[in-house]
Amino acid sequence: MKTLFESEHPPKTLVLESTDDGRLRLVVSLRKLGQETILEYFLDEQDKSGLMQALGK
């Protein structure tokens, strides 16, 4: 996977990656009280379009 964007604001991290099959993978993690919670979401074409519009592209 190739990292396209990463934003770290402790204790939170946001990563956007491109997978080998062309999909986008969004990962949000939170590290707090000695625990780490990771949420992983694969974006389909509709999600990609909506995200691009929301970000003004």
Visitor: For residues 5-18, which residue pairs qualify under salt bridge (charged side-chain N to carboxylate O under 4.0 Å, His left out), counting only residues two or more places apart or in two chains?
Guide: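 Only Glu17-Arg25 qualify under salt bridge (charged side-chain N to carboxylate O under 4.0 Å, His left out).
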Visitor: List in chain and number order the residues that pass side chain to side chain contact (heavy atoms under 4.5 Å, CB included) with Leu43, two or more places apart in sequence or in another chain; answer none if no residue qualifies.
Guide: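 Applying side chain to side chain contact (heavy atoms under 4.5 Å, CB included) to Leu43 gives Leu16, Leu24, Tyr41, Asp47, Lys48, Leu51.
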Visitor: Under the criterion side chain to side chain contact (heavy atoms under 4.5 Å, CB included), I'd like the reasoning laid out for Val27 against Ile38: C-alpha separation, chi angles, the key distance, then a yes or no.
Guide: CA-CA 7 Å; Val27 180; Ile38 300 172; 3.6 Å; yes
Visitor: Would you say that Ser18 contacts Met1 through its side chain, given a criterion of any heavy-atom pair below 4.5 Å between the two side chains?
Guide: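 The answer is no; the side chains never approach within 4.5 Å.
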Visitor: Which residues pass the side chain to side chain contact (heavy atoms under 4.5 Å, CB included) test with Asp21, sequence neighbours left out?
Guide: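 Once residues adjacent in sequence are excluded, the partners of Asp21 under the side chain to side chain contact (heavy atoms under 4.5 Å, CB included) criterion are Thr19, Arg23.
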Visitor: Side-chain contact test, heavy atoms from C-beta onward, threshold under 4.5 Å: evaluate it for Leu14 versus Phe5 and give yes or no.
Guide: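 Side-chain contact under 4.5 Å: yes.
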Visitor: How many angstroms lie between atom CZ of Arg31 and atom OG1 of Thr13, to the nearest 0.5 angstrom?
Guide: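 Going from CZ on Arg31 over to OG1 on Thr13, the span is 7.5 Å.
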